Novice: 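First, the structure itself, so that you have it in front of you.
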Number of protein chains: 2
Amino acid sequence: MSVYLHDIPLPEARSRFAEALQKAGLWRVLGEETIVLDENALGRVLAGSVWAKVSSPNYHASAMDGFAVRAADTSGAQPAAPLTLPIGPSACYLDTGEPLPLEFDSVIPVENVEALDENSNLTQAIRKPTAIRIRAAVAPWSHVRPLGEDIVATQLVLPAGQVLRPVDLGAIAASGNHEIKVARRPKVAILPTGTELVPIGSSLKTGDILEYNSLVLAGQVKAMGGEPTRFPIIKDDFDLICACVQEAAQTHDLILLNAGSSAGAEDFSAKVVAKLGNLLVHGVAVRPGHPVILGTIVHSPSSIVPIIGVPGYPVSAALTIEIFVEPLLAKWLGRASVELPTESAILTRKVVSPPGDDDYIRVSLGRVGAKLLATPLSRGAGVITSLVQADGLMILPRGIQGVEAGNPVQVHLYRSRAELDRTILCLGSHDLTLDILAQFLAKRNRRLASANVGSQGGLIALGRGEAHLAGSHLLDPATGDYNLPYLKQYLPDVRVRVVALVGRDQGLIVKRGNPAGIKTLEDLTRPEVRFVNRQRGAGTRVLLDYHLSLEGIVPERIIGYNREEFTHLGVAASIASGRADCGLGIAAAAQALELDFIPLFQERYDLIIPSEHALSNLLEPLFEVIKSQEFRMEVLKLPGYDVSVTGTVISEV
Amino acid sequence: MSVYLHDIPLPEARSRFAEALQKAGLWRVLGEETIVLDENALGRVLAGSVWAKVSSPNYHASAMDGFAVRAADTSGAQPAAPLTLPIGPSACYLDTGEPLPLEFDSVIPVENVEALDENSNLTQAIRKPTAIRIRAAVAPWSHVRPLGEDIVATQLVLPAGQVLRPVDLGAIAASGNHEIKVARRPKVAILPTGTELVPIGSSLKTGDILEYNSLVLAGQVKAMGGEPTRFPIIKDDFDLICACVQEAAQTHDLILLNAGSSAGAEDFSAKVVAKLGNLLVHGVAVRPGHPVILGTIVHSPSSIVPIIGVPGYPVSAALTIEIFVEPLLAKWLGRASVELPTESAILTRKVVSPPGDDDYIRVSLGRVGAKLLATPLSRGAGVITSLVQADGLMILPRGIQGVEAGNPVQVHLYRSRAELDRTILCLGSHDLTLDILAQFLAKRNRRLASANVGSQGGLIALGRGEAHLAGSHLLDPATGDYNLPYLKQYLPDVRVRVVALVGRDQGLIVKRGNPAGIKTLEDLTRPEVRFVNRQRGAGTRVLLDYHLSLEGIVPERIIGYNREEFTHLGVAASIASGRADCGLGIAAAAQALELDFIPLFQERYDLIIPSEHALSNLLEPLFEVIKSQEFRMEVLKLPGYDVSVTGTVISEV
């Protein structure tokens with residue numbers, strides 16, 4: 001079946017596009033405009049070099065408030081053998097910046113002279129004395145700013161291509177220029193297409209998809225120096241899309257046609273480009289984002305407008321802009337392409353990559369001890385939060401099939417090293433209060449990056465030195481105690497501090513109104529009740545097994561016991577969507593999806609912190625927050641939480 | 001005399017200011033406003049955390065164009081033993097993003113099925129078959145995006161204090177928010193004062209100073225997220241300044257009063273602050289920039305407006321904004337303060353620092369081989385071009401008296417490492433064609449950083465591994481040859497390529513109209529002619545000595561022979577200002593200051609390039625440029641240049 005796209009390698013796609021633009025005379029600075037030199041010039045790109053029209057200073061100027069003198073006249077002056085110079089023939093007062101009279105060649109700062117009145121007494125009228133007394137000789141040209149010290153007329157002030165910073169504006173002004181030629185901002189049309197799309201702010205029915213790609217794309221284009229125009233949503237209608245593209249081509253330099261770039265029945269983008277111009281590329285071997293379209297629209301007999309078919313998934317869409325649009329805008333603006341700083345990091349999890357693709361993998365980053373650690377984020381092209389969380393980008397080129405955990409990888413940094421240095425990495429079980437903690441820490445110059453790998457996963461990560469702390473709520477069935485017995489097992493040689501974060505209710509999440517009338521664990525064995533469980537190793541699963549065993553219920557009697565979700569919210573989502581009737585979890589998850597909650601047990605959720613980190617400056621604000629009243633008040637706004645234990649040190653060994 | 005300021009240490013100045021603001025309730029986020037979520041939100045700072053209102057996706061969605069099936073129904077399907085599933089009861093076509101019907105739990109992508117018509121033949125109507133044939137079993141939840149995969153209602157999307165990036169806008173929209181609360185932009189009034197100031201674009205008389213500080217300050221404030229207002233220039237008049245400050249206080253959050261912050265007669269800033277409010281600090285022990293004023297203006301009985309007296313020298317002014325205004329705006333916006341990345345570099349020249357001050361020293365940076373080299377730039381507080389050229393900042397804290405050359409220093413980077421990696425360092429004699437070279441290289445993704453240390457200085461720098469190349473025009477009096485004899489002396493063990501850059505005229509620079517009628521070197525010995533020389537080691541000085549000796553003129557006969565300037569333009573400036581009548585130099589320097597030029601000799605100006613750099617990828621574009629016709633055409637626009645030798649390899653050993 002001909003539904004496959006023919007993916008071509010990225011370098012070939014790039015060069016086909018560049019060649020087509022080159023042929024059309026569009027592979028260069030698009031145009032220039034003259035603007036007045038004010039603070040709005042910030043970030044604009046110089047279209048021509050700036051040369052100095054005047055010198056700065058444009059005369060020999062006094063560098064201090066002081067007295068102009070002839071250096072030769074001061075020779076021999078000493079602390080014990082002062083010299084007196086009469087004002088007029090031998091000295092003259094100057095404010096900073098005033099021109100040095102031709103008969104003088106040096107300036108003595110006011111604080112180094114004694115001002116004398118007509119009777120040769122000291123006077124307070126320091127600027128209008130009759131004479132000055134000095135106790136040291138000065139060299140010629142002392143405290144004088146010579147003509148052209150800063151800028152000499154005709155010199156190069158800034159080269160074309162400079163992205164203007166505040167100090168650049170000053171230097172341009174100082175060199176006698178008050179207008180500048182800058183590159184015209186490329187106009188970029190962004191056309192969202194899709195019958196299923198609804199505008200931001202709509203209330204959603206099942207099947208509706210919020211159209212926010214155009215917003216991200218517009219933001220990217222703006223940040224890159226372009227001028228975006230967001231078009232209204234266009235239905236999946238070939239003729240309608242053609243008409244909108246033609247309209248956009250009248251007044252824009254580039255068209256971004258979002259979604260419909262694949263090869264499905266409603267995917268019109270390639271056909272639109274083929275009809276209105278020239279389809280250069282359909283499918284590029286990059287992941288995510290391969291259904292990219294590159295082409296040109298014939299706008300008039302003599303001119304074309306480039307068009308890019310941008311894939312619909314948000315991660316693919318954003319990456320397409322970084323890969324294809326950024327270099328094009330850089331070329332059109334005459335500036336250097338943006339280069340992210342890179343650093344070597346240790347990969348914490350194995351990644352597998354299709355050998356035929358350039359694979360762009362977003363990672364979260366954190367420094368634990370001396371090691372920078374890179375953890376691959378969700379690969380889902382639809383997960384925009386993975387873009388928000390991404391601290392860096394790892395590119396596995398074609399031919400590489402993957403990288404094992406523990407290996408060093410080169411990472412392009414989205415965040416500054418300073419930000420990474422104040423990032424607290426928390427792995428383990430997730431709890432909603434971690435979000436509140438993150439919020440409070442953000443105000444204290446710390447970033448909390450947390451990832452959900454389950455309670456046991458968190459302890460294992462601590463053992464490997466891959467996190468600063470772990471969230472855990474592991475019940476020991478033998479003792480009924482939380483976490484401590486597991487530490488001996490997972491972290492036998494590590495000194496740790498265990499701090500209680502919260503007590504929280506665990507209970508049954510059921511459909512709104514609880515139509516199945518579920519009240520106890522025993523109800524889970526009813527034949528019409530479909531249960532959804534948490535994954536092995538999750539604290540909630542341990543808790544369930546403990547209570548099932550206490551009550552003598554064998555898991556086999558529960559339909560769905562083997563169906564696993566990885567988060568409280570995953571459990572709640574299963575129930576909300578009608579896939580299951582019931583699961584064990586926390587009240588906040590039920591509330592998030594407007595489900596009912598039947599509390600059964602209270603458990604303790606602890607933070608497990610190796611002592612080396614507990615004592616570090618990095619984590620200090622975390623302890624401050626946990627102990628604060630404000631944090632507890634905020635936690636209590638969530639249902640099913642108890643803060644009476646919050647901040648208690650449970651154990652420190 | 002009481003003209004000294006009482007400088008206090010920086011930390012004390014900061015805390016006095018912060019305490020005063022804290023007391024007034026101004027040491028927190030100033031205020032918030034609700035804005036619509038569009039691309040103009042870029043760069044704004046979230047005033048409150050954003051929580052998800054909806055889940056994304058908000059239903060189980062097909063992740064591919066394909067057929068929804070029950071995973072259990074596919075069990076046993078194999079390549080040689082296909083299964084047929086009838087559309088309707090057992091399968092149903094879905095576009096990407098469509099909701100998964102409740103009776104199904106998995107999706108098989110279209111490319112993995114065979115579409116069958118009513119006669120069980122393959123059909124092209126892939127989306128409307130009668131049945132599908134599959135040759136592999138699928139797992140439950142394959143190619144399904146579960147409800148909440150990206151975002152779950154109620155979760156934290158972004159914490160307060162986040163500076164919004166394009167992807168953040170997308171995540172906020174995806175979470176069902178279409179308005180956001182952001183910190184109000186602080187309004188900052190910038191008041192330039194000084195009777196000697198004239199607006200940008202004015203034609204200059206002696207004594208006039210272009211007022212461009214307010215432009216730089218406004219640019220800085222804008223880049224930091226504030227809203228600057230530039231006031232017109234205010235004369236040095238106490239009452240007038242008071243009136244303007246009071247006016248500004250009505251409608252602004254912060255007042256920057258530029259210049260007049262010292263203790264001179266016309267320095268009214270401190271008196272204005274003391275009269276209208278509270279003078280907290282006058283003088284801070286930082287260099288440059290110590291005459292800083294920190295205070296508050298009483299705006300109404302219950303409210304104050306902070307005011308900062310910013311020193312007049314542009315380098316001091318810009319630094320004052322970085323030190324005092326940036327942290328204040330960060331606090332008012334609720335974002336983290338900007339932290340520059342730091343790196344260790346080797347200092348190439350000794351620096352001396354006043355032990356009582358925190359000393360902020362701007363440096364140029366470049367990587368030669370594996371070493372990052374930091375060279376202190378001009379310390380002149382009036383030299384704005386030193387800000388433009390600065391690649392980094394080195395801070396020597398109070399108590400440190402200096403650092404010797406060759407020592408490692410921590411440098412805060414103004415430029416990305418990528419930019420530094422493509423910087424070509426050229427030391428040695430300066431020639432105006434280097435500016436043209438810089439301009440052409442900027443278009444080829446290279447940055448040329450050149451510093452004038454004289455021809456011999458450049459060769460010494462090459463010997464120490466502190467530059468990629470050196471510009472040199474050293475005549476050997478014994479042979480009449482350029483540069484080559486000196487290489488044996490200065491770089492005996494280094495393989496170098498010598499490339500001719502230009503031939504150029506050297507001659508006498510004289511006043512316009514040549515009133516003294518100077519024509520030959522012999523004229524320099526006339527008693528009324530005041531000469532100005534270049535420094536020892538300069539190629540031009542060597543050239544002069546060579547020809548004086550050829551003509552049998554002893555230097556002692558030339559008045560001013562011992563007066564040294566360090567650049568061609570310095571020589572020209574001496575003559576333009578009437579300090580000297582004549583000097584030896586190049587035609588372009590004479591032209592820059594509208595002086596006359598009497599050509600005497602032609603000399604060759606070479607680039608000396610160690611082979612390891614000559615063969616590097618970094619310098620490749622430099623050779624391209626030198627060989628290009630465009631470069632030569634541009635050089636020929638300057639007076640006194642000859643490009644017939646340009647690009648010729650003179651020697652390669």
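Here the structure is a predicted model, which means the values were calculated and not measured. Values below: all heavy atoms of this structure, side chains included; hydrogens, waters and symmetry mates excluded.
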Novice: Got A:Leu638 and A:Ile436 here, is their nearest side-chain heavy-atom distance under 4.5 Å?
Specialist: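 Of all side-chain heavy-atom pairs linking A:Ile436 with A:Leu638, at least one is under 4.5 Å.
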Novice: Which residue out of B:Gln591, B:Arg417, B:Glu211 racks up the most heavy-atom pairs below 4.5 Å with chain A?
Specialist: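 Among the listed options, the one with the most contacts to chain A is B:Arg417.
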Novice: Given the options B:Ala218, B:Gly207, B:Gly578, B:Pro199, which has more heavy-atom pairs under 4.5 Å with chain A than any of the others?
Specialist: B:Gly207
Novice: Which one, A:Arg447, A:Glu419, A:Lys443, A:Arg230, leads in non-hydrogen pairs under 4.5 Å with chain B?
Specialist: A:Arg230
Novice: Counting heavy-atom pairs under 4.5 Å to chain B, which of A:Thr154, A:Leu158, A:Leu432 comes out on top?
Specialist: A:Thr154
Novice: Chain A heavy atoms under 4.5 Å from B:Thr96: which part of the residue, side chain, backbone, both or neither?
Specialist: side chain
Novice: Please identify, among A:Leu215, A:Ile200, A:Leu210, the residue contributing the most non-hydrogen atom pairs under 4.5 Å to chain B.
Specialist: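 Heavy-atom pairs under 4.5 Å are most numerous for A:Leu215.
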Novice: Are the side chain of A:Asn58 and the backbone N or O of A:Leu147 linked by a donor-acceptor pair below 3.5 Å?
Specialist: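 No.
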Novice: My understanding is that only residues two or more places apart in sequence, or in another chain, count here; which of them pass ring pair (Phe, Tyr, Trp, His ring centres under 6.0 Å) with B:Trp51?
Specialist: none
Novice: Select one option (side chain, backbone, both, neither) describing which atoms of B:Glu98 are under 4.5 Å from chain A's heavy atoms.
Specialist: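 It is neither, since no heavy atom gets under 4.5 Å.
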Novice: Highest number of heavy-atom pairs under 4.5 Å with chain B: which of A:Ala160, A:Ala588, A:Ala173?
Specialist: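 Among the listed options, the one with the most contacts to chain B is A:Ala173.
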Novice: Which one wins on heavy-atom pair count under 4.5 Å against chain B: A:Val54, A:Leu204, A:Ile209, A:Asn445?
Specialist: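 Looking at each option in turn, the highest pair count goes to A:Leu204.
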Novice: Identify which part of B:Leu42 has an atom lying under 4.5 Å from any heavy atom of chain A, answering side chain, backbone, both or neither.
Specialist: side chain
Novice: Sort A:Leu37 into side chain, backbone, both or neither according to what part of it lies under 4.5 angstrom from a heavy atom of chain B.
Specialist: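 Both parts, backbone and side chain.
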Novice: Any side-chain heavy atom of B:Val216 within less than 4.5 Å of one from B:Ile384?
Specialist: yes
Novice: If you look at every heavy atom in A:His60 and B:Ser577, which pair is closest and at what distance?
Specialist: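 Taking every non-hydrogen atom into account, NE2-OG, 2.6 Å.
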Novice: Does A:Tyr59 have any ring pair (Phe, Tyr, Trp, His ring centres under 6.0 Å) partners at least two apart in sequence or in another chain, and if so, which?
Specialist: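 So A:Tyr59 forms no ring pair (Phe, Tyr, Trp, His ring centres under 6.0 Å) with any residue.
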Novice: Chain A heavy atoms under 4.5 Å from B:Gln439: which part of the residue, side chain, backbone, both or neither?
Specialist: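 Both backbone and side chain of B:Gln439 come within 4.5 Å of chain A.
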Novice: Please examine the side chains of B:Ser175 and B:Lys53, heavy atoms only from C-beta on, and report whether any two atoms are closer than 4.5 Å.
Specialist: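 Answer no - side chains too far apart.
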Novice: By a 4.5 Å heavy-atom criterion (distance strictly below it), what part of B:Asp168 contacts chain A: side chain, backbone, both, or neither?
Specialist: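 For B:Asp168, heavy atoms of backbone and side chain both lie under 4.5 Å from chain A.
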Novice: Considering only heavy atoms and a distance below 4.5 Å, find which of B:His178, B:Arg335, B:Arg579, B:Lys222 pairs most often with chain A.
Specialist: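 Max contact count across the listed options: B:Arg579.
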Novice: If we only count heavy atoms from C-beta on, is the B:Glu111 to B:Asp65 side-chain gap below 4.5 Å?
Specialist: no
Novice: Between B:Glu339 and A:Arg422, does any NZ, NE, NH1 or NH2 come within less than 4.0 Å of an OD or OE carboxylate oxygen?
Specialist: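 Yes, this pair counts.
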Novice: Are the side chain of B:Gln155 and the backbone N or O of B:Val152 linked by a donor-acceptor pair below 3.5 Å?
Specialist: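 Such a contact is found between B:Gln155 side chain and B:Val152 backbone.
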Novice: Are any side-chain N or O atoms of A:Arg165 and backbone N or O atoms of B:Val388, one a donor and one an acceptor, separated by less than 3.5 Å?
Specialist: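 Present.
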Novice: Need one label for B:Tyr313: side chain, backbone, both or neither, based on atoms under 4.5 Å from any heavy atom in chain A.
Specialist: side chain
Novice: Please check if the side chain of B:Thr195 supplies one atom and the backbone of B:Asp236 the other of a donor-acceptor pair under 3.5 Å.
Specialist: yes
Novice: Quick check on the interface: out of B:Ser416, B:Gly382, B:Gly570, who has the most heavy-atom pairs with chain A under 4.5 Å?
Specialist: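 Most heavy-atom pairs within the cutoff with chain A belong to B:Gly382.
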Novice: Report which part of B:Asn177 has an atom under 4.5 Å of a heavy atom belonging to chain A: side chain, backbone, both, or neither.
Specialist: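 The backbone, not the side chain.
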Novice: Which answer fits A:Leu102, side chain, backbone, both or neither, if we ask what part of it has an atom under 4.5 Å from a heavy atom of chain B?
Specialist: both
Novice: Below 4.5 Å, heavy-atom pairs only: which of B:Ala442, B:Pro314, B:Ser49, B:Pro159 has the largest tally toward chain A?
Specialist: B:Ser49
Novice: So, do A:Arg563 and B:Trp141 sit near enough that their side-chain heavy atoms are less than 4.5 Å apart?
Specialist: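 Yes. Closest side-chain heavy atoms under 4.5 Å.
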Novice: Please look at B:Leu164 and chain A and tell me whether the side chain, the backbone, both or neither of the residue comes under 4.5 angstrom of a heavy atom of that chain.
Specialist: neither
Novice: Which answer fits B:Asp105, side chain, backbone, both or neither, if we ask what part of it has an atom under 4.5 Å from a heavy atom of chain A?
Specialist: both
Novice: Quick one: does any side-chain atom of B:Gln220 pair with a main-chain N or O of A:Pro166 as donor and acceptor, under 3.5 Å?
Specialist: no
Novice: Looking at B:Ile321, B:Val221, B:Asp208, which one has more heavy-atom pairs under 4.5 Å with chain A than the rest?
Specialist: B:Asp208
Novice: For chain B, find which of A:Ser55, A:Gly334, A:Ala63, A:Ala61 contributes the most heavy-atom pairs closer than 4.5 angstrom.
Specialist: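 Maximum pair count with chain B is reached by A:Ala63.
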